[in-house]
Protein chains: 2
Amino acid sequence: MIRRIPQARDRGIPDATVARLPLYLRALNGLAERGTPTVSSEDLALAAGVNSAKLRKDLSHLGSYGTRGVGYDVQYLIYQISRELGLTQDWAVAIVGVGNLGRALANYGGFVSRGFRIAGLLDADPRVVGDRIAGLVVEHTDELEAVIKKRGVSIVVIATPATAAQQVCDRVIASGVTSILNFAPVVLAVPDGVDVRKVDLSIELQILAFHEQRKANGGPIMAEEWPDGVVM
Amino acid sequence: MIRRIPQARDRGIPDATVARLPLYLRALNGLAERGTPTVSSEDLALAAGVNSAKLRKDLSHLGSYGTRGVGYDVQYLIYQISRELGLTQDWAVAIVGVGNLGRALANYGGFVSRGFRIAGLLDADPRVVGDRIAGLVVEHTDELEAVIKKRGVSIVVIATPATAAQQVCDRVIASGVTSILNFAPVVLAVPDGVDVRKVDLSIELQILAFHEQRKANGGPIMAEEWPDGVVM
DNA sequence: GTGCCTTTGTGAACCCACGCACAAAGTCGG
DNA sequence: CCGACTTTGTGCGTGGGTTCACAAAGGCAC
Ligand SMILES: NC(=O)c1ccc[n+]([C@@H]2O[C@H](COP(=O)([O-])OP(=O)(O)OC[C@H]3O[C@@H](n4cnc5c(N)ncnc54)[C@H](O)[C@@H]3O)[C@@H](O)[C@H]2O)c1
Ligand SMILES: NC(=O)c1ccc[n+]([C@@H]2O[C@H](COP(=O)([O-])OP(=O)(O)OC[C@H]3O[C@@H](n4cnc5c(N)ncnc54)[C@H](O)[C@@H]3O)[C@@H](O)[C@H]2O)c1
């Protein structure tokens, strides 16, 4: 029988909190490297670039791991957040689409250090298949299902052109994968229970451009910028 | 004297809306390519992967550009959103740090098509300086201020190692840049008025891992996973 | 042991965002 | 010209997230 613990550590951590936990973890790792034994919410919040009340509320969702008057034990908190995020196990990741971006990702060391192991590189282009990148040989997408099953891949990164993304997505989901990181500029259609996170650099630039334009315009709108009644 | 238009198109577009406008724009461009003249909020919302009421509310912040009973004119809406986002002008972008990621970004065609022109590539490594990438010659970071001023760079992409990011950030801000896209896994400290957007792939993977772990655990928590009273 | 000082954990108010649901507005066939 | 139909634009209720502010909790000096 499964007992639920009602009062403390009731799961259902808010999404906003989950998104910040990696930030705290990074800040804590920095402190740990410098040998800091404990840290107050104020200092940790500063390092993570958030409000200290928000930090305390976020951490309170995981449990009561602080000591009043002292702060948080750095090592212990690293362990707790890592466990909560599932970083105590390692995750096999496959990258589909080994072009400009896929290569950069494959060569990046920052993933491995967090428990993410690149377990497969796949591409549809025969000229790319067979290339050795970061110690791995690029395999043909025909092998996609086999690679996922054989190596226990549970997270797939899609770095193919936009036109191929949905098709790749469908195939990896059919193979049982439910976590996808998508770099292609398309909205992927997925069934319930599948998590897709997207990274779109073009969107980020456009958001910057919006604010930049507003700054340049210097506050209020000039009336003549768009005269009344003008259509097209 | 500057007249403000009170009732319609009063600025102060919510951030959440601004973040979705590029999504709508992408969907509209897809429709335009297929020659679709008009689109309903329902159809456009489907293509953009959002709720139709949300889409209509978002668009209503720009003005009343739809026709009841018909929908939105695709070309006209593309123009309005582009103008709102500041994509009718072109933006000079510099990339600092031409390693794995910087190269991928420089070679990526998707930016230019949106009015973002790569106007400079800069690196501190003498072995990289002088390389020709995507038609541009990599320059030394000593030239950073000169390049920004000379070429009218208003958006800077930071793709250096984490240790160098803050220093690069300080220099570009000192040169007058107020829009930064940061790929380095650090929280950049910037003065008011400077916009920083960050892309952290490692964080995205960690969020996926969190949800993946939860799915694997199969719902409620086993009590024995963390016995009462155990501390470390 | 006592009292002071620091810091946590959280109650409560506020603000923003989402999405339902509907009236108003406009189209189109006849 | 009219009535039926389609679709927009938005008022409003709901919920989640952020922040303030403070009581409670623990450490530490003496
Ligand atoms: N490079 C960037 O900086 C950047 C920035 C933003 C977005 N993106 C997006 O990321 C994606 C990849 O970009 P890129 O610059 O690496 O493109 P790229 O063309 O260099 O690489 C794409 C790779 O995918 C492979 N591919 C094509 N169809 C495939 C399929 N069905 N299955 C498996 N592999 C397939 C190609 O052979 C190629 O090697 C694109 O969707 C792009 O829009 C890239
Ligand atoms: N490659 C990826 O997929 C990836 C993923 C996530 C995050 N990142 C982050 O993006 C950044 C770049 O990653 P990368 O893989 O391209 O690293 P990289 O080491 O391949 O490239 C970094 C480049 O920056 C240059 N550089 C160093 N100091 C500099 C300075 N002060 N001024 C200008 N240039 C300087 C180096 O000479 C090098 O060419 C890193 O912070 C990394 O953590 C990369």
Side-chain angles (χ1 to χ4, degrees), chain A residues 5-21 23-24 27-28 31 36-74 76-77 80-81 84 207 229 231, chain B residues 5-21 23-24 27-28 31 36-74 76-77 80-81 84 207 210-211 229 231:
Chain A
I5 305 161
Q7 80 283 19
R9 278 179 72 263
D10 198 3
R11 303 311 178 87
I13 298 178
D15 285 346
T17 295
V18 173
R20 283 187 293 267
L21 290 179
L23 226 55
Y24 304 152
L28 285 164
L31 291 168
T36 315
T38 62
V39 66
S40 70
S41 63
E42 200 66 50
D43 291 349
L44 184 54
L46 192 70
V50 302
N51 181 293
S52 72
K54 181 149 63 180
L55 176 107
R56 287 196 298 276
K57 187 152 286 186
D58 283 343
L59 294 183
S60 77
H61 284 118
L62 318 187
S64 205
Y65 296 142
T67 307
R68 290 164 195 241
V70 176
Y72 301 88
D73 183 282
V74 171
Y76 185 52
L77 198 51
Q80 289 299 342
I81 295 179
E84 195 67 52
I207 294 171
V231 176
Chain B
I5 306 163
Q7 79 283 19
R9 277 178 74 266
D10 198 4
R11 303 310 179 88
I13 299 179
D15 285 346
T17 294
V18 174
R20 283 187 294 265
L21 290 180
L23 226 57
Y24 304 152
L28 285 163
L31 292 167
T36 316
T38 63
V39 65
S40 70
S41 64
E42 199 67 50
D43 291 348
L44 183 53
L46 192 70
V50 301
N51 180 293
S52 71
K54 183 151 61 182
L55 175 105
R56 288 196 298 276
K57 188 156 288 188
D58 283 343
L59 294 184
S60 77
H61 285 118
L62 318 187
S64 207
Y65 296 143
T67 306
R68 291 164 194 239
V70 176
Y72 300 88
D73 183 282
V74 172
Y76 185 50
L77 198 51
Q80 289 299 342
I81 294 179
E84 196 67 51
I207 295 171
F210 171 83
H211 291 295
V231 176

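Because the structure is predicted, anything quoted here is derived from the model rather than measured. Sequence lines set the chain letters: A, B, ... in the order given, protein chains first and strands last, and positions in each chain run from 1.
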Summarise how protein sits on nucleotides 3-11 of chain D as a single string, 5' to 3': B when a protein heavy atom is under 4.0 Å from the base, S for sugar-phosphate-only contact, - for no contact. ---BBBBBB
Just to verify, which of Leu31(B), Leu59(B), Asp43(B), Thr67(B) counts as forming a side-chain contact (heavy atoms from CB on, under 4.5 Å) with Tyr72(B)? Leu59(B)
Partners of Thr17(A) by side-chain hydrogen bond (donor to acceptor under 3.5 Å, both in side chains), sequence neighbours excluded? Asp58(A)
Figure out the CD1/P separation between Ile13(A) and dG17(D), and round it to whole Å. 12 Å
Taking atom P of dG26(D) as reference, at what distance in whole Å does atom CG of Asp73(A) sit? 16 Å
Test side-chain contact (heavy atoms from CB on, under 4.5 Å) on His61(B) and Val18(B); report intermediate values, then the result. CA-CA 10 Å; His61(B) 285 118; Val18(B) 174; over 6 Å; no
Closest non-hydrogen contact found for Tyr24(B) with Leu44(B) is O-CD1, 4.3 Å
Would you mind reading off the distance between Lys54(B) atom NZ and dA21(C) atom C1', rounded to a whole angstrom? 17 Å
Intermediate values then yes/no, side-chain contact (heavy atoms from CB on, under 4.5 Å), Arg56(B) and Ser60(B): CA-CA 6 Å; Arg56(B) 288 196 298 276; Ser60(B) 77; over 6 Å; no
How many whole angstroms separate atom CG of Leu44(A) from atom C1' of dT6(C)? 17 Å
Under 4.0 Å between a side-chain N or O of Asn51(A) and OP1 or OP2 of dG17(D)? no
Which atom of Ile207(B) lies closest to which atom of Ala19(A), heavy atoms considered: CD1-CA, 3.8 Å
Once you round it to whole Å, what is the distance between C1' of dG9(C) and CG of Leu55(A)? 12 Å
